[in-house]
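Here's the structure, in structure tokens; my notes come after.
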Amino acid sequence: MDHADLVIQDVDVADGSGAPAYRADVAVKGGRIVAIVQEAAAAGCQRPRGTRELDAEGLVLAPGFIDMHAHSDLALLRDPDHSAKAAQGVTLEVIGQDGLSYAPVDDRTLAEVRRTITGWNGHGDDIDFTWRSVGEYLDRLDHGFDGEGIAVNAAYLVPQGTVRMLAVGWEDREATPQELDRMRQSVADGLREGAVGMSSGLTYTPGMYARDGELTALCRVVARYGGYYCPHHRSYGAGALAAYEEMVTLAREADCPLHLAHATMNFGVNEGKAPELLALLDKALADGADISLDTYPYTPGCTTLVAMLPSWAGEGGPEAVLARLRDDTTAERVRHHMEVVGADGCHGVPIAWDTIEISGVSDPELGSYVGRTVQESADLRGEAPWTTARRLLVEDRLGPTILQHVGHEENVRAIMRHRVHTGGSDGILRGDKPHPRAYGTFPHYLGRYVRELGVLSLEECVAHLTGRPAARLRLPDRGLVREGYRADLVLFDPATVAAGSTFAAPRTLPTGVPHVLIDGRFVVEDGRRTDVLAGRAVRRTA
């Protein structure tokens, strides 16, 4: 063979298929894997030679990890380093999640969505919003920093809530036929321009106002263009099983592939109930449904404080929410729904303020709330927790992010074992104390759940994080270590790989991930982030 750019020598290859690992030399040239010479076949064969030869004894070579649920929509344009993901071995993120992102928009909806998801991505005052369409946003990612690209690759989901915002606004009602046609057109345009599917956030306004018929109509468009539907469904709490079943039924009616976002079973009502979810999925899969899911390997969730409010409180958009919170009578109705009835924003479960930890605020003057539960801050102030939460929402203009401590370890482990499971961080990078999953999900799978607990074998886990998500995304040349495939690769030490991030120190980088390559270029080398910007927008293929 021709002289390679790089030869990774004496490495244990976990190729992303789930098959047993094998020892090999792997040669890379022009951003592709050009040769794999297994040790067993090397006796009568000349070893590949390269301009650079990397001794990888003791390391595992895997395809780059694919984060199936990321919130880096602005971070990729804000932070050229982006070590939060690059240092984990992530080479591709799927963004546009939970039905809310920044394309397609017009001037009005761009301003509204920026306000709505300030808690996820910041307001974006440091971003030049030069795009309005999905295609223009993907082009902006391609251009990245001075035309050199971005830190890691990114695929995009058309956000159904933003599409509804554009066509219908913030009203809780059925769309008119003309509005539905406009939404269909927006979704079709986004898929044609390169989006890989459509997301929903059905506990977030305004996407949650969509009835099933509307969602089914949009999913038919997604299916026509070869995409998939990725819903954050209507409940992860009191109505979780019914909500999962609703999404399975809807997707099958539309004949659309389904990928269940952060597929958890949370709150006390669901303790130990993961087997019921998995039985539901197994039956649908046996009947021919096309279903996959993602999870993060932690029990607490992470979202915004305003998302906990009942859906009726969100009608009209962010300014209307603030007006309701300032009005004592209406605010009392909100409290009653949250604390007594169980608001749909809190998944139908009465809120427990001692499980709601403030992880970030927009106004630094409110930093004393961060790292404390709402109950703890209320106790310090000698007031009711709703009084504290209401004040914080108003003073921070709906900006606070939260950790919600409502998960169950046995459910986490059961779901990650399932054959259609993939990994997703759901990582919100903003805030003084973000969830450690943003910086640690993938090493945590390998260190905690493979090496320490044995929940998954190493080869199985790598397949969950690489080959399986690549198949869902219909990527023809990523997700496996194969000749001809793109050299998006990660080398890790199976004896030491671990998440450095903790709830106390959430931005600590992982250990045991010395090398990460995108298109054959080192984005992490010897454990340090290089200045390489090899990431691009990954567009839907036919």
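Numbering of residues begins at 1 and proceeds along the displayed sequence.
- For the pair D488/D519, a side-chain contact is recorded, criterion being any heavy-atom separation below 4.5 Å from C-beta on.
- Side-chain contact annotation: S362 with R430, donor-acceptor N/O pair under 3.5 Å present.
- Atom-to-atom distance recorded for R486:CZ and I33:CD1 is 11.5 Å, nearest 0.5 angstrom.
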May I have the step-by-step check of side-chain contact (heavy atoms from CB on, under 4.5 Å) for H515 and E525, ending in yes or no? CA-CA 5 Å; H515 304 293; E525 187 172 11; 4.2 Å; yes

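- Contact check on R468 versus D294 returns no salt bridge, with no Lys/Arg side-chain nitrogen under 4.0 Å from an Asp/Glu carboxylate oxygen.
- Partner of L429 under the side-chain contact (heavy atoms from CB on, under 4.5 Å) criterion, chosen from H82, R78, H71: H82.
- Closest non-hydrogen pair, V158 versus G190, comes out as CG2-CA, 3.8 Å.
- The cationic group of R437 does not satisfy the cation-pi geometry with Y298, failing either the under 6.0 Å distance to the six-membered ring centre or the 45° limit from the ring axis.
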D98 and I117: CA distance, side-chain angles, deciding distance, side-chain contact (heavy atoms from CB on, under 4.5 Å) verdict: CA-CA 11 Å; D98 295 330; I117 53 176; over 6 Å; no

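- For the residue pair D128 and T130, no side-chain donor N or O sits within less than 3.5 Å of a side-chain acceptor on the partner.
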I would like to know whether D25 and R49 meet salt bridge (Lys or Arg N to Asp or Glu O under 4.0 Å); could you show each step before the answer? CA-CA 10 Å; D25 291 352; R49 310 305 300 178; over 6 Å; no

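- Between the T511 side chain and the T496 main chain, a donor and an acceptor come within less than 3.5 Å of each other.
- Remark: C302 SG to I402 CD1 distance equals 7.5 Å, nearest 0.5 Å.
- Between E136 and R132 there is no salt bridge, since no side-chain nitrogen of the basic residue lies less than 4.0 Å from a carboxylate oxygen of the acidic one.
- For the pair T466 (side chain) and V462 (backbone), a donor-acceptor distance under 3.5 Å is present.
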So T264 and V412, side-chain contact (heavy atoms from CB on, under 4.5 Å) or not? Walk me through it. CA-CA 7 Å; T264 56; V412 170; 5.8 Å; no

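- To the nearest 0.5 angstrom, R413 atom CZ is 13.0 Å from T295 atom OG1.
- Heavy atoms of other residues, nucleotides or ligands lying less than 6.0 angstrom from CZ of R220 number more than 12.
- Shortest non-hydrogen contact noted between A438 and I428 is CB-O, 3.9 Å.
- For D526, the CG atom counts as densely surrounded, since its 6.0 Å shell holds more than 12 non-hydrogen atoms of other residues, nucleotides or ligands.
- With ring centers used as reference points, H464 lies 6.0 Å or more from Y445.
- H408 has its side chain out of reach of M265: every pair of non-hydrogen atoms, C-beta onward, lies at least 4.5 Å apart.
- Although no hydrogens or angles enter the test, the distance criterion places no donor-acceptor pair under 3.5 Å between the side chain of Q97 and the main chain of L157.
- Between L92 and L475 there is a side-chain heavy-atom pair separated by less than 4.5 Å.
- Between the K29 side chain and the H3 main chain, a donor and an acceptor come within less than 3.5 Å of each other.
- By the 4.5 Å heavy-atom criterion applied to side chains, C256 and T216 are not counted as neighbours.
- Taking the ring axis of F522 as reference, the NZ or CZ atom of R52 stays within 45° of it and closer than 6.0 Å to the ring centre.
- Between L491 and A56, the shortest heavy-atom contact is CD2-CB, 3.8 Å.
- The shortest distance between side-chain heavy atoms of M416 and P297 falls below 4.5 Å.
- Proximity of a side-chain donor or acceptor of T91 to a complementary backbone N or O of I518 within less than 3.5 Å is not detected.
- With M247 as reference, P231 is the one residue of C219, S200, P231 to meet the side-chain contact (heavy atoms from CB on, under 4.5 Å) rule.
- A donor-acceptor pair shorter than 3.5 Å can be found between the side chains of Y204 and T303.
- If you take NE2 on H262 and CG on L260, they are separated by 10.5 Å, rounding to the nearest 0.5 Å.
- Nearest heavy atoms, S72 versus I95: N-CG2, 3.8 Å.
- Between H435 and F503, the gap from one ring centroid to the other is short of 6.0 Å.
- Screening V90, V523, V152 against V516 for a side-chain contact (heavy atoms from CB on, under 4.5 Å) leaves a single residue, V523.
- Between the side chains of S199 and H232, no donor-acceptor pair is found at a separation under 3.5 Å.
- Between D10 and R47, the closest side-chain pair of non-hydrogen atoms falls below 4.5 Å.
- In this structure, CH2 in W120 is found 7.0 Å from OG1 in T304, a value given to the nearest 0.5 Å.
- No donor-acceptor pair closer than 3.5 Å links the side chain of S83 to the backbone N or O of A86.
- For the ring-ring contact (aromatic ring centres under 6.0 Å, His included) test with Y156, the passing option among Y102, W131, Y137 is Y137; the others fail.
- In summary, the side chains of H123 and R114 do present a donor paired with an acceptor at a separation below 3.5 Å, with no hydrogens or angles considered.
- Under the 4.0 Å criterion applied to side-chain N and carboxylate O atoms, R539 and D139 are assigned as salt-bridge partners.
- Using a 3.5 Å distance cut-off with no hydrogens or angles, the side chains of D189 and S186 do not pair a donor with an acceptor.
- Note that CD1 of I8 is 10.0 Å distant from CD1 of I36, once rounded to the nearest 0.5 Å.
- Considering Q160, H259, R472 as possible partners of C230, the one that fulfils the side-chain contact (heavy atoms from CB on, under 4.5 Å) test is H259.
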Working note: R474 + V196, criterion side-chain contact (heavy atoms from CB on, under 4.5 Å); need CA distance, chi angles, decisive distance, verdict. CA-CA 9 Å; R474 303 179 73 172; V196 296; over 6 Å; no

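- A salt bridge does not link D79 with K85: every distance from a Lys NZ or Arg NE/NH1/NH2 to an Asp or Glu carboxylate oxygen is 4.0 Å or more.
- Between Y244 and Y236, the angle of the ring planes goes over 60°, which puts this pair in the perpendicular group of the 30/60° scheme.
- With V248 as the fixed residue, the side-chain contact (heavy atoms from CB on, under 4.5 Å) test singles out one of L285, D287, I291: I291.
- The side-chain contact (heavy atoms from CB on, under 4.5 Å) with E93 is formed by just one residue from the set L76, I66, V538, N153; it is L76.
- Side-chain N/O atoms of Y225 and R192 include a donor and acceptor closer than 3.5 Å.
- Counting non-hydrogen atoms of neighbouring residues, nucleotides and ligands closer than 6.0 angstrom, the CG atom of D477 exceeds 12 such neighbours.
- For the pair L202 and G207, the tightest heavy-atom approach, listed with the atom from each and the gap, is CD2-O, 3.6 Å.
- When all heavy atoms of P80 and A151 are compared, the pair lying nearest together is O-CB, 3.5 Å.
- Put simply, the side chain of L59 does not reach to within 4.5 Å of the side chain of F492, judged on heavy atoms.
- No side-chain heavy atom of V113 sits under 4.5 Å from any side-chain heavy atom of S101.
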